[in-house]
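Have a look at the structure below, then the notes.
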Amino acid sequence: MSKEESNELKAQSAGKESVELTKGKKRKRAGPQTGWSEKKGAGKLTKFDTAGKETTSTTPKEKTRIDGIKSKSDAEPPIERPEKLNKPKKPQVAPQATNSKFKPAQQARPKNKQTEGPRYSQQAQNVPPHLLKKRDELLPVRKSLPIWPQADVIKAALKTNNILVLTGETGSGKSTQLPQFLIDEPWCTKCIAITQPRKVAAISLARRVADEMGSFMGSQSPAAKVGYSVRFDNATGPSTKVKFLTEGMLLQEMLRNPAMSQYSAVVVDEVHERSVNVDLILGFLRNLVTGQESASARQHPLKVIVMSATADVGSLVKFFEDSQPSPTTEKPPGNPIDESTSLKQAEVASQAVASRISTCFVEGRQYPVKTVYLPQPTQDWVESALKIIFQLHYKEPMPGDILVFLTGQDTIEGLEKLINDYAEGMDKDVPKLLALPLFAALPQHAQQRIFEPAPFRTRKVILATNIAETSVTVPGVRFVIDCGKSKIKQFRNRLGLESLLVKPISKSAAIQRKGRAGREAPGQCYRLYTEDGYNTMDERTIPEILRCDLSQAILTMKARGVDDVLNFPFLDRPPREALEKALLQLLHLQALTETGSISETGLKISKFPLTPTLGRVLVEAAKPERDCLLDVIDIISALSVENVFLNLVTEERKEEAEEARRELYRREGDHLTLLVTVQRYAAEQTDRKIWCDKHFVSHRAMQTVMNVRKQLQQQCMQQKLLSKDDTQSELAPSEARSQAILACMLRGFISNTARMMPDGSYKTLMGNQTVAIHPSSVLFGRKVEAIVFNEFVFTGKAWARGVSVVQLDWVTEVVKAIM
DNA sequence: GAGCACTGC
């Protein structure tokens, strides 16, 4: 085993997160061998550092070209911006800054400030020595990060401007260092929020920053300065100054506290991944900083830092700039706008003028990766991948694992089998090959295998979906094989149907995949397409907001007081048709009134971590005439996890499972079946794991179900839909109650209903689409009058999943009522 | 008698 390998292993076993998280890097850059990688979380940076030290000869000349802050206006660098344009300043020393650290430092900036230790060192009075020791050990690592020398420039920029767009390639250290740069700034009297697209990233970053600051984490101590907040896990305390949180969490907070008065700064990280949530957050923040929304009585204006790995700074800057007076056309005070507006608006305007935008670029660290294209395009990339795997295996010295990007479980399992077959015929003196599948549906313990060391003289071949593009970092990879395709979910407005299609990836995704080969050493990337093929790819992956059902996003906007959603500041504006479709759906759900404003019901729905349809079902179940809320919570909890029932492979096991689950199945359909399953699981007092094994139910899924259930019950109590006196029934529901439950489902899923045609097929009531009951349903093959279903998916054929029997006259009744 | 990329509240 090489030094690097053993370091990697040490890091893996020492780090608490065995899955290393990275940022998605979608970058517009077709240039020569560059890629991006970033170490995050405890263990990873250490590993990088160790590896770097021990392999300095092989490390490429540190690419530390760093562009400093660039002001939008060359003639007027941000640092020299006249103070008068800013909001009236509070005294330089913040109220709680009784500590000496605040005093002179902000005024006079010594030239070589970055060589000093962190200023918060004086604060560490009640901190145990081991934390301080760790902090001091980590300081040199921090100082070696490309972003470190930029600290003063960044601080100066944010002193003058309220918005900073920071593009940092991976490995620059931006996610960990930026909050530490800002924490002692005079304007930073409250907390700094840093958003992440994934939970694991939020948690591991928080751990890392706590270590670097010599602080406790979250709830460990009331003195903890660093914390995180993700669903089901809130680790923040009264002194938390740096808080990592998932995008969804920040969005929830934005609904509860629209002015964001608990924060001095919001850092939006990984913006290039462009989740729907990020798009909403950016829109809300833009409204907030430009004073279009209620201008709050803040001490200091909210600082917004947008961080991205992409090069398209331009669109981000333009996004924030558009609403602001441009620097060149700035009007002197007393201009017509100011005169005709109220005093408050004038204040807002002056704040807007001050909210100019700084930009900053920090280069990352990455080893070079050689790209090899196919000379001719191919249809059969499984075959091509197989050939290249064995070529590499014979030709390239060990160590060096191979990562193959494929589209899904089926192709992965197919290639896995082929590799194993061919590997059997290899010469005895050739090292062995170990094929390891990696996709999200794989059980956790099977996923863990990619982190385990390969046996002696064995090369790992990891066959992965795009889970390995951003969410999981596979150690030891020197070779990447990229099929150039991925499955993409697309929402079709006209049909209200989503489909999962195999499509070519974008250039930025291809670059991202390639970068996976250059994280630990120089690498190679084999693209199973031609160079022309690459050139015809889209530059960027289409943002999620342009290809998903918008009803939840729009309800969130309405709940935050955005009345005119058609004119919401979208980074990418969805087509009008998609917006209108979503508005109509919300109207059908009675989440909106006829005039388009949010209703009482809509407000309730928006507070639940559910789609509007499921939220509507929940609200319906709380009505006295329905009176089945606890049952419906159980069902919805089960619907919000992937698969409660294990997917069996062999015929034999399938039959075994059918038999074992028979006592759970209900003839009314999948919803009542799920209810019984949750009830039985919850009632199991001895060993739930054994119960799951016995019934071929996923224990992991059921644990999540129980978490969701608890959360929904709590939220229902907060919203007064449920009282403490309501008791959970442990008995399967009566006939009458079953009917009530299905009536509630129907209220939310009225557009997902179908009736049987004379030929035995099903057609939807709204849209007249043919659908078939999915084979995973307990109703598969049954012929009933009418059905209600949760999902309408197209995979070769239109399928209804999550299906229950309903009476046709109920359906027509509800349809009539809302149309 | 079919199949399901990936997040997240």
Side-chain angles (χ1 to χ4, degrees), chain A residues 21 23-24 195-202 229-234 245-256 270 273-281 405-414 438-442 464-472 483 485-490 498-503 505 509 512 541 543-544 547-548 552-553 555-556 559 605-612 614-615 636-637 640-643 647-649 651 654-655 658 704 707-708 711-712 714-715 772-777 779-782 791 793-802:
Chain A
L21 250 266
K23 335 184 121 199
T195 69
Q196 292 295 318
R198 282 168 291 277
K199 286 192 197 183
V200 214
S229 173
V230 301
R231 192 181 188 184
F232 308 129
D233 192 2
N234 183 358
L245 72 178
T246 45
E247 292 158 358
M249 274 305 206
L250 187 76
L251 221 39
Q252 290 293 311
E253 290 187 2
M254 289 182 113
L255 293 186
R256 266 179 271 131
E270 313 288 26
E273 290 196 18
R274 291 298 305 278
S275 62
V276 174
N277 284 346
V278 144
D279 285 18
L280 289 181
I281 288 173
F405 282 101
L406 296 164
T407 53
Q409 186 173 349
D410 48 347
T411 46
I412 285 173
E413 286 171 351
L438 177 66
F439 46 88
L442 208 63
T465 59
N466 42 12
I467 190 175
E469 214 174 281
T470 49
S471 305
V472 176
C483 75
K485 303 260 192 291
S486 73
K487 283 188 184 168
I488 298 209
K489 185 151 84 181
Q490 212 130 27
E498 56 191 25
S499 49
L500 207 55
L501 302 168
V502 176
K503 290 227 163 160
I505 58 171
Q512 169 66 18
T541 309
E544 192 187 359
R547 48 186 174 84
C548 74
Q552 193 168 11
L555 188 62
T556 307
I605 295 173
S606 72
K607 294 194 176 125
F608 288 107
L610 299 170
T611 58
L614 282 176
I636 288 176
S637 307
S640 49
V641 306
E642 266 310 300
N643 262 327
N647 228 346
L648 286 319
V649 186
E651 236 10 80
K654 276 182 194 173
E655 272 170 37
E658 288 292 308
T704 314
N707 274 332
V708 178
Q711 188 184 38
L712 290 177
Q714 281 169 352
Q715 287 171 340
I773 297 175
H774 195 272
S776 63
S777 169
L779 291 183
F780 178 71
R782 287 260 307 276
E791 264 188 307
V793 288
F794 189 88
T795 45
K797 192 174 171 182
W799 297 103
R801 292 197 313 185

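Below, chains carry the letters A, B, ... as their sequence lines are ordered, and counting in each starts from 1.
Each of A/Ser640 and A/Ile488 was assigned the nucleotide of DNA chain B with the nearest heavy atom; the assignment lying further toward the 5' end belongs to A/Ile488. Between A/Leu610 and A/Gln409, it is A/Gln409 whose nearest contact on DNA chain B lies nearer the 5' terminus.
Of the candidate nucleotides B/dG3, B/dT7, B/dG8, B/dG3 has the atom lying nearest to any side-chain atom of A/His774. Closest contact between the side chain of A/Arg198 and the listed nucleotides B/dC6, B/dG8, B/dC9 involves B/dG8. Nearest nucleotide to the side chain of A/Val230, out of B/dA2, B/dC9, B/dA5: B/dC9. Nearest nucleotide to the A/Asp410 side chain, out of B/dG8, B/dA5, B/dC9: B/dA5. The listed nucleotides are B/dA2, B/dC6, B/dC9; the one nearest the side chain of A/Gln252 is B/dC9. Side-chain proximity of A/Ser471 to the nucleotides B/dT7, B/dC9, B/dG3 is greatest for B/dT7. Side chain of A/Gln552, nearest nucleotide from B/dC9, B/dC6, B/dA2: B/dC9.
At a threshold of 4.0 angstrom between heavy atoms, the contacts of A/Asn277 with the nucleic acid are absent.
Applying the 6.0 Å contact sphere to NZ of A/Lys503 captures no more than 12 heavy atoms from other residues, nucleotides or ligands.
Of all heavy-atom pairs between A/Met249 and A/Ser229, the closest is CG-O, 3.5 Å. Closest of all the heavy-atom pairs between A/Leu438 and A/Ala468 is CD2-CB, 4.3 Å.
Between A/Lys199 and B/dC9 there is a side-chain N or O to OP1 or OP2 distance below 4.0 Å. Between B/dA2 and A/Ser776, no contact under 4.0 Å exists linking OP1 or OP2 to a side-chain N or O. Considering only side-chain N and O atoms, A/Thr470 lies nowhere under 4.0 angstrom from the phosphate OP1 or OP2 of B/dC6. Checking the phosphate oxygens (OP1, OP2) of B/dG3, a side-chain nitrogen or oxygen of A/Trp799 falls inside 4.0 Å.
Under the 3.5 Å distance criterion, the side-chain polar atoms of A/Glu544 are left unmatched by any main-chain donor or acceptor of A/Ser275.
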